[in-house]
Amino acid sequence: MPLVTSTEMFKKAYEGGYAIGAFNVNNMEIVQGITEACAEEKAPVILQVSKGARAYANHTYLVKLVEAAVIECPDIPIVLHLDHGPDFETCKSCIDGGFTSVMIDGSSLSFEDNIAVTRKVVEYAHDHGVVVEGELGTLAGIEDEVAHDVGSYTRPEEVEEFVSKTGVDSLAIAIGTSHGAYKFKPEQCTVNEEGILVPPALRFDILEEVSKRLPGFPIVLHGSSSVPQEYVKMVNDHGGKMPNAIGVPESQLRDAAKLSVCKINIDSDLRLAMTGTIRKFFVEHPDKFDPREYLKPARANIKELVRHKLVDVLGCAGKA
Ligand code: G3H
Ligand code: 13P
Ligand code: ZN
């Protein structure tokens with residue numbers, strides 16, 4: 001089947017109590033690892049491309065890689081989505097250039113300016129059969145002093161006005177997740193019986209209030225990597241230095257997927273799997289220099305990581 005929009009996917013996900021995985025793609029091995037897992041698990045998928053990915057790999061290469069995946073995986077629905085579109089022009093370029101979904105990230109603007117730019121993108125996108133994700137509330141990295149301040153969370157009292165005035169098809173909200181591999185400081189965490197650091201819970205109260213105000217409307221979670229400690233250890237055991245890398249517990253993402261969260265964004269976990277695998281390969285095979293030899297196990301581990309997310313976290317295996 002050709003590339004699709006997320007409309008039908010989100011409707012089924014909302015009703016079925018699961019979420020679609022939105023995985024960031026930057027090169028061929030990542031596209032292959034993700035889509036091979038999705039094809040084998042019969043899972044719908046969103047492949048998303050950031051501004052940084054377009055700058056790195058080039059728009060045309062990424063579109064053609066995704067089109068190749070569509071040909072290789074004819075039985076699963078695939079969405080090509082712009083992640084964190086920074087402005088109207090970037091969104092327009094992706095809409096004109098074959099994407100079926102775009103995000104306009106006006107979350108750093110004033111409420112009024114966010115509405116204005118989002119509405120402008122929605123009008124252009126809908127005229128071209130493309131769907132739009134907007135964002136209210138801000139996610140931040142651990143370096144940002146305001147990362148987990150109350151002011152960063154989405155204000156539920158704003159969501160109805162934002163959605164009705166913009167016409168967006170889905171809404172990303174901030175409930176305590178953040179981008180990258182360092183989502184929580186160790187001092188924010190508690191230690192469980194097994195000595196494992198447990199981060200503070202996501203703000204499910206905000207999610208529930210948003211859902212009450214927007215019944216049936218698909219919600220998106222960014223910054224939802226779980227930072228598997230197995231891969232943090234693999235990085236650190238093979239020359240890397242990633243102390244205190246902590247992600248969102250997968251059980252909380254599973255709970256969110258059962259509610260109104262229909263799209264869960266995962267990028268850092270893929271990066272960790274790829275980097276850990278390649279670091280280990282080089283330590284174990286210092287004489288090897290053929291990129292195919294180290295990219296092959298990296299791609300295989302991305303595939304198994306994605307399979308785990310589809311089956312155990314998102315709940316979307318078998319839903320294609
Ligand atoms: O949310 C951001 C994604 O992880 C993409 O990251 O801008 O480094 O491509 P990037
Ligand atoms: P992570 O950094 O948690 O993988 O989040 C990715 C993301 O939100 C992409 O938009
Ligand atoms: Zn994001």
Side-chain angles (χ1 to χ4, degrees), residues 1-25 30-49 66-83 99-103 129-133 168-173 177 202 204 207 210-211 214-222 224-226 228 248-267 269-270 273 302-320:
M1 70 183 82
L3 280 173
V4 299
T5 71
S6 47
T7 307
E8 197 56 28
M9 271 184 201
F10 286 167
K11 191 169 177 290
K12 287 186 187 163
Y14 198 103
E15 286 163 5
Y18 61 89
I20 310 296
F23 301 100
N24 287 70
V25 297
I30 297 174
V31 171
Q32 290 176 328
I34 296 165
T35 54
E36 282 174 18
C38 291
E40 285 178 16
E41 295 300 330
K42 299 184 176 30
V45 68
I46 298 171
L47 299 178
Q48 55 187 17
V49 167
V66 170
E67 286 175 1
V70 166
I71 292 169
E72 290 297 319
C73 309
D75 300 329
I76 56 165
I78 300 179
V79 173
L80 174 54
H81 173 76
L82 169 66
D83 188 29
F99 284 46
T100 53
S101 174
V102 295
M103 174 189 191
V130 169
V131 293
V132 180
E133 173 186 329
V168 279
D169 303 280
S170 61
L171 180 68
I173 63 168
T177 62
L202 299 180
F204 276 86
L207 175 61
V210 167
S211 316
L214 297 173
F217 193 80
I219 300 301
V220 177
L221 282 190
H222 282 247
S224 296
S225 276
S226 295
V248 181
E250 289 182 336
S251 58
Q252 292 188 36
L253 297 171
R254 186 69 202 99
D255 290 343
K258 287 179 188 154
L259 302 172
S260 55
V261 171
C262 295
K263 172 175 181 271
I264 292 189
N265 286 11
I266 296 170
D267 184 10
D269 285 355
L270 307 181
I302 286 176
K303 179 174 173 179
E304 291 319 305
L305 179 77
V306 170
R307 190 196 305 283
H308 161 67
K309 299 284 180 185
L310 303 173
V311 173
D312 304 318
V313 183
L314 303 159
C316 60
K319 307 293 186 184

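Since this is a predicted model, take the numbers as computed values, not measurements. Hydrogens, waters and symmetry mates are skipped; everything else that's a heavy atom, side chains included, is used.
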Student: Once side-chain contact (heavy atoms from CB on, under 4.5 Å) is applied, do any residues pair with Val313, and if so which ones, sequence neighbours excluded?
Tutor: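 Checked Val313 against side-chain contact (heavy atoms from CB on, under 4.5 Å); matches are Glu250, Leu253, His308, Lys309.
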
Student: Got a donor-acceptor contact below 3.5 angstrom from the Asn265 side chain to the Ser224 backbone?
Tutor: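 Looks like no, no N/O pair under 3.5 Å.
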
Student: If you take all heavy atoms of Tyr14 and Ser260, which pair is closest and at what distance?
Tutor: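 Closest pair (atom of Tyr14, atom of Ser260, distance): CE1-CB, 3.5 Å.
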
Student: Decide yes or no on side chain to side chain contact (heavy atoms under 4.5 Å, CB included) for Leu270 and Leu305, but give the supporting numbers first.
Tutor: CA-CA 8 Å; Leu270 307 181; Leu305 179 77; 3.9 Å; yes

Student: Could you pull out all residues at least two apart from Thr5 that satisfy side chain to side chain donor-acceptor pair (under 3.5 Å)?
Tutor: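 Partners of Thr5 under the side chain to side chain donor-acceptor pair (under 3.5 Å) test: Thr7.
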
Student: From Asp169 CG over to Phe10 CZ, what is the distance, rounded to the nearest 0.5 angstrom?
Tutor: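 Here the interatomic distance stands at 9.0 Å.
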
Student: Would a distance-only check, ignoring hydrogens and angles, find a side-chain to backbone donor-acceptor pair under 3.5 Å from Ser226 to Val248?
Tutor: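 Answer holds: yes.
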
Student: What is the minimum heavy-atom distance between Arg254 and Tyr18, and which atoms define it?
Tutor: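 Scanning both residues completely, I find the closest heavy atoms to be NH1-CA, 4.5 Å.
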
Student: Determine which pairs satisfy salt bridge (Lys or Arg N to Asp or Glu O under 4.0 Å) with at least one residue from residues 31-49, sequence neighbours left out, and list them in order.
Tutor: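 Output for this query lists Glu36-Lys303, Glu40-Lys303, Glu40-Arg307, Glu41-Arg307.
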
Student: Stepwise, does the side chain to side chain contact (heavy atoms under 4.5 Å, CB included) test hold for Met103 with His222?
Tutor: CA-CA 11 Å; Met103 174 189 191; His222 282 247; 3.5 Å; yes

Student: Taking only residues two or more places apart in sequence, or in another chain, which ones meet Lys11 in a side-chain contact (heavy atoms from CB on, under 4.5 Å)?
Tutor: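 Checked Lys11 against side-chain contact (heavy atoms from CB on, under 4.5 Å); matches are Glu15.
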
Student: Taking only residues two or more places apart in sequence, or in another chain, which ones meet Phe99 in a ring-ring contact (aromatic ring centres under 6.0 Å, His included)?
Tutor: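 With neighbours one apart ignored, the set is His59.
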
Student: Return all side-chain donor-acceptor pairs below 3.5 angstrom for residues 72-83, not counting sequence neighbours, or 'none' if the list is empty.
Tutor:
| unit_1 | atom_1 | unit_2 | atom_2 | d |
| --- | --- | --- | --- | --- |
| His81 | ND1 | Ser101 | OG | 2.7 |
| His81 | NE2 | Glu133 | OE1 | 3.3 |
| Asp83 | OD2 | Asn24 | ND2 | 3.0 |

Student: Report yes if some heavy atom in the side chain of Thr177 is under 4.5 Å from a heavy atom in the side chain of Leu202; otherwise report no.
Tutor: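 Yes; the side chains approach each other to less than 4.5 Å.
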
Student: What heavy-atom pair brings Phe204 and Leu259 nearest, and what distance separates the two atoms?
Tutor: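 Heavy atoms of Phe204 and Leu259 come nearest at CD2-CD1, 3.8 Å.
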
Student: Report the distance from atom CD1 of Ile46 to atom SG of Cys38, rounding to the nearest 0.5 Å.
Tutor: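 One gets 10.5 Å once the value is rounded to the nearest 0.5 Å.
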
Student: For the atom pair CD1 (Ile34) and CG (Leu310), what is the distance rounded to the nearest 0.5 Å?
Tutor: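 Here the interatomic distance stands at 10.0 Å.
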
Student: Give the minimum heavy-atom separation between Ala69 and Val31, together with the two atoms involved.
Tutor: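 Reported closest heavy-atom pair: CB-CG1, 3.9 Å.
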
Student: If you measure from CD1 on Ile264 to CD1 on Ile219, what distance do you get to the nearest 0.5 Å?
Tutor: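 The distance works out to 12.0 Å.
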
Student: When rounded to the nearest 0.5 angstrom, what is the spacing between OG in Ser170 and CZ in Phe217?
Tutor: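 Spacing of OG (Ser170) from CZ (Phe217) equals 6.0 Å.
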
Student: Ignoring hydrogens, what is the shortest heavy-atom contact between Leu314 and Phe23? Give both atom names and the distance.
Tutor: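 Closest approach of Leu314 to Phe23, heavy atoms only: CD1-CZ, 4.1 Å.
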
Student: Would a 4.5 Å heavy-atom cut-off, applied to side chains only, mark Thr100 and Val131 as touching?
Tutor: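 The answer is no, as the side chains (C-beta and beyond) never meet within the 4.5 Å cut-off.
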
